[in-house]
2 protein chains.
Amino acid sequence: MLFRVDTTSSEPIFEQLAHQIRIAILQGNLAAGDRLPPAREVAGALDVNLHTVLHAYQMLRDEGQIELRRGRGALVSNQAQAVPREVTEAVAALVTQAHQAHLAPHIVVSLVKEALA
Amino acid sequence: MLFRVDTTSSEPIFEQLAHQIRIAILQGNLAAGDRLPPAREVAGALDVNLHTVLHAYQMLRDEGQIELRRGRGALVSNQAQAVPREVTEAVAALVTQAHQAHLAPHIVVSLVKEALA
DNA sequence: TAGTTGTTCTACAGAAACTAAAACAAGTTG
DNA sequence: CAACTTGTTTTAGTTTCTGTAGAACAACTA
């Protein structure tokens with residue numbers, strides 16, 4: 001599991017990290033029981049603070065995606081599952097349509113948020 | 001055009017306003033040339049600061065959705081257009097699939113952001 | 001000319017994000 | 001058991017973001 005953060009982005013670092021882990025789980029690249037690298041290790045590798053990494057981990061725990069255990073680290077939870085093929089296809093279809101309509105990414109996100117609300 | 005803001009939400013007020021206007025344009029409820037209410041009026045009605053409303057307006061101007069003119073107000077720009085039916089349908093299809101898969105809203109947003117990146 | 005409305009400026013308060021360092025607690029490993 | 005690992009908690013400080021407040025200004029309208 002390798003991470004990347006863009007410190008110039010307006011998106012908080014902890015959000016970027018949580019997003020990457022979430023996606024890895026949803027896409028099936030991380031399965032139930034898999035272990036995430038220790039927070040101190042990630043913090044050191046990315047040159048960010050331990051708390052920033054733990055913030056991301058704790059978010060994912062609150063979402064039920066991972067479990068945190070002292071001495072053991074962060075484990076992908078059993079509830080965590082890759083998304084069904086139908087959802088992935090629906091996302092791909094949307095991106096295709098959005099691209100054809102020349103819609104900016106944030107516009108598409110706005111539409112999806114609205115439809116979900 | 002009526003607005004609503006939730007001051008308890010973690011989403012900034014200016015983002016909430018921008019989102020609502022964006023959606024109104026994208027869904028065709030606001031067409032090119034239509035006028036938005038004066039910022040001072042919105043600020044008074046919602047009991048928020050003038051600058052907060054202008055922040056939303058200026059965001060939308062930077063996105064090319066509206067034009068701002070002193071003395072005249074905020075006008076929906078000519079480039080602004082309702083999204084094609086195909087896009088709306090693709091969004092609806094995604095929401096249907098996401099619902100069947102019991103995916104939380106923020107998960108769906110993550111998937112879409114990832115696919116757009 | 002008077003009124004409207006966005007623009008710009010200064011100033012301040014509170015919250016959020018990030019960093020830093022240290023001690024602690026519950027595990028794991030030898 | 002002892003040593004190590006790793007998340008948890010606490011304290012503290014800085015910076016950025018968000019929102020508020022008030023005022024003056026500039027361009028446009030009626």
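Throughout, a chain's letter reflects where its sequence line sits, starting with A, and its residues are numbered from 1.
- Contact between the side-chain N/O atoms of A:Arg35 and the OP1/OP2 oxygens of D:dT6 is found at a separation under 4.0 Å.
- Following rounding to the nearest Å, B:Asp6 (CG) and D:dT18 (C1') show an atom-to-atom distance of 15 Å.
- Within the structure, no pair that satisfies the ring pair (Phe, Tyr, Trp, His ring centres under 6.0 Å) test touches residues 61-113 of chain A, not counting sequence neighbours.
- Of all heavy-atom pairs between B:Val108 and B:Ala98, the closest is CG2-CB, 3.6 Å.
- Within residues 38-46 of chain B, the residues having any heavy atom under 4.0 Å from DNA chain D are, by residue number, B:Arg40.
- Under the side-chain contact (heavy atoms from CB on, under 4.5 Å) criterion, B:Asp6 pairs with B:Thr8, B:Ser9, B:Gln16, not counting sequence neighbours.
- Using a 4.0 Å cutoff on non-hydrogen atoms, the parts of residues 12-26 of chain B near DNA chain D are B:Pro12, B:Ile13, B:Phe14, ordered by number.
- Under the 4.5 angstrom side-chain criterion for Ile, Leu, Val, Met, Phe, Trp and Tyr, A:Leu75 has no cluster partners at all.
- Per the geometry, CZ belonging to A:Arg70 stands 7 Å off C1' belonging to D:dG7, to the nearest Å.
- The interatomic distance linking B:Arg69 (CZ) with D:dA30 (P) rounds to 13 Å, in whole Å.
- In this structure, A:Val48 and A:Arg72 both approach DNA chain C, and ranking their closest nucleotides by distance from the 5' end singles out A:Val48.
- Heavy atoms from other residues, nucleotides or ligands lying under 6.0 Å from CG of B:Asp47 number 12 at most.
- The side-chain contact (heavy atoms from CB on, under 4.5 Å) test applied to B:Gln27 returns A:Glu114, B:Ile23, B:Asn29, not counting sequence neighbours.
- Annotation: side chain of A:Leu30 is in contact with side chain of A:Leu36 (closest heavy-atom distance under 4.5 Å).
- When all heavy atoms of B:Gly64 and B:Ser77 are compared, the closest pair comes out as O-OG, 2.8 Å.
- When every heavy atom of B:Leu103 is checked against every heavy atom of A:Val87, the shortest pair comes out as CD1-CG1, 3.9 Å.
- Of all nucleotides in DNA chain C, those with any atom nearer than 4.0 Å to a heavy atom of chain B start and finish, going 5' to 3', at C:dT4 to C:dC9.
- The side-chain contact (heavy atoms from CB on, under 4.5 Å) test applied to A:Glu41 returns A:Pro37, A:Pro38, not counting sequence neighbours.
- Between the CD atom of A:Glu11 and the P atom of D:dT16 there is a distance of 19 Å, given to the nearest Å.
- Under the 3.5 Å distance criterion, the side-chain polar atoms of A:Thr52 are left unmatched by any main-chain donor or acceptor of A:Val48.
- Among pairs with a residue in residues 18-76 of chain A, those fulfilling ring pair (Phe, Tyr, Trp, His ring centres under 6.0 Å) read A:Phe14-A:His55, at least two apart in sequence or across chains.
- Here the side chains of A:Leu60 and A:Leu68 are not in contact, with every heavy-atom distance at 4.5 Å or above.
- Following rounding to the nearest Å, B:Asn49 (CG) and D:dT20 (P) show an atom-to-atom distance of 6 Å.
- For the helix from C:dT1-D:dA30 to C:dG30-D:dC1, the angle separating the two terminal helix axes comes to 40°, with each axis derived from five pairs and the value rounded to 10°.
- Across residues 50-60 of chain B, B:His51, B:Thr52 each have a non-hydrogen atom less than 4.0 Å from an atom of DNA chain D (numbered order).
- Residue pairs satisfying the salt bridge (charged side-chain N to carboxylate O under 4.0 Å, His left out) criterion with at least one member in residues 16-34 of chain A, sequence neighbours excluded, are listed as follows: A:Arg22-A:Glu63.
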Run the side chain to side chain contact (heavy atoms under 4.5 Å, CB included) test on B:Leu116 and A:Val109 for me, step by step, so that the C-alpha distance in whole Å, both residues' side-chain angles and the decisive distance to 0.1 Å come before the verdict. CA-CA 9 Å; B:Leu116 285 166; A:Val109 172; 4.2 Å; yes
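- Although no hydrogens or angles enter the test, the distance criterion places a donor-acceptor pair under 3.5 Å between the side chain of B:Gln20 and the main chain of B:Arg4.
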